[in-house]
Amino acid sequence: MKLKNYELIGLNNALGELASEKLVGSFKFKLFKNKLKLEDSILPVSKSLQDESNEGVEEILDLEQEIDLELILESDLEQVPTTLKQLNALKPILKEGE
């Protein structure tokens with residue numbers, strides 16, 4: 001899937017917040033794999049943002065990257081406390097269904 005850098009950063013932050021929750025089953029491994037992939041993808045972005053002036057930040061954040069993330073079923077999140085902000089950040093990888 002193609003996502004913009006700002007979406008990748010939001011996803012990474014949301015997954016980081018969920019990392020402090022106790023998770024069960026295969027769901028925790030799915031989140032763990034996604035978190036590792038996101039960290040690898042945003043590391044160069046973070047370094048670029050540190051080196052850029054304020055003028056180049058928007059351009060960097062709007063760049064798209066191809067990333068292979070596992071989809072999360074909405075039902076997987078039923079037992080996990082989440083905020084609307086986290087759900088909004090997770091929207092690109094959320095899938096309806098069981």
Side-chain angles (χ1 to χ4, degrees):
M1 72 181 66
K2 279 191 172 189
L3 295 173
K4 293 190 177 200
N5 285 330
Y6 71 85
E7 292 173 305
L8 295 174
I9 292 168
L11 272 169
N12 187 58
N13 291 340
L15 291 180
E17 291 169 3
L18 291 177
S20 64
E21 299 296 329
K22 289 190 177 200
L23 305 170
V24 295
S26 62
F27 176 60
K28 64 184 166 191
F29 296 108
K30 189 184 297 187
L31 289 184
F32 177 71
K33 289 178 196 175
N34 281 346
K35 181 79 168 114
L36 289 178
K37 288 178 185 177
L38 284 165
E39 287 174 354
D40 287 343
S41 293
I42 66 167
L43 184 61
V45 175
S46 297
K47 287 182 179 180
S48 293
L49 290 174
Q50 290 174 356
D51 296 339
E52 283 293 317
S53 64
N54 289 336
E55 300 161 4
V57 170
E58 281 189 42
E59 281 183 36
I60 292 170
L61 291 175
D62 278 337
L63 290 175
E64 285 186 332
Q65 290 191 54
E66 183 70 35
I67 187 167
D68 181 29
L69 297 173
E70 294 188 44
L71 296 178
I72 297 171
L73 296 177
E74 289 177 352
S75 59
D76 288 337
L77 290 173
E78 286 179 358
Q79 302 301 317
V80 181
T82 53
T83 65
L84 290 176
K85 181 180 175 182
Q86 289 169 327
L87 290 175
N88 189 50
L90 294 170
K91 189 170 45 175
I93 60 171
L94 281 181
K95 180 181 176 185
E96 288 184 36
E98 295 293 321

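These numbers come from a predicted model, not from an experiment.
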By the rule that ILVMFWY residues connect when side-chain heavy atoms come within less than 4.5 angstrom, directly or transitively, which residues belong alongside L36?
F32
Can you list, by chain and residue number, the hydrophobic cluster partners of L63 when the side-chain cut-off is 4.5 Å?
none
List the residues meeting side chain to side chain contact (heavy atoms under 4.5 Å, CB included) with [X], not counting sequence neighbours, and say none if there are none.
X: Q79; value: none
X: E70; value: K30, K33, N34
X: K2; value: E64, E66

Check the hydrophobic clustering (I, L, V, M, F, W, Y; side-chain heavy atoms under 4.5 Å; chains of links allowed) and say if M1 and L87 are grouped together.
yes
Honestly curious: do F27 and F29 fall in one hydrophobic cluster under the side-chain, below-4.5 Å linking rule?
no
Please list every donor-acceptor pair under 3.5 Å in which a side-chain atom of residues 5-20 meets a protein atom from a residue at least two apart or in another chain.
unit_1: N5; atom_1: OD1; unit_2: Q65; atom_2: NE2; d: 2.6
unit_1: N5; atom_1: ND2; unit_2: I60; atom_2: O; d: 2.7
unit_1: E7; atom_1: OE1; unit_2: K4; atom_2: N; d: 2.8
unit_1: N12; atom_1: OD1; unit_2: K35; atom_2: NZ; d: 2.7
unit_1: N13; atom_1: ND2; unit_2: I9; atom_2: O; d: 3.4
unit_1: E17; atom_1: OE1; unit_2: Q86; atom_2: NE2; d: 2.7
unit_1: S20; atom_1: OG; unit_2: E17; atom_2: O; d: 2.9

Nearest-0.5 Å distance, [atom1] of residue [X] to [atom2] of residue [Y]:
X: L73; Y: I93; atom1: CG; atom2: CD1; result: 11.0 Å
X: N88; Y: T82; atom1: CG; atom2: OG1; result: 11.5 Å
X: I67; Y: K37; atom1: CD1; atom2: NZ; result: 7.5 Å

L31 and D76: CA distance, side-chain angles, deciding distance, side chain to side chain contact (heavy atoms under 4.5 Å, CB included) verdict
CA-CA 11 Å; L31 289 184; D76 288 337; over 6 Å; no
Are more than 12 heavy atoms, taken from residues, nucleotides or ligands other than L84, located less than 6.0 Å from that residue's CG atom?
no
Shortest non-hydrogen contact between P92 and L3, atoms and distance
CB-CD2, 3.7 Å
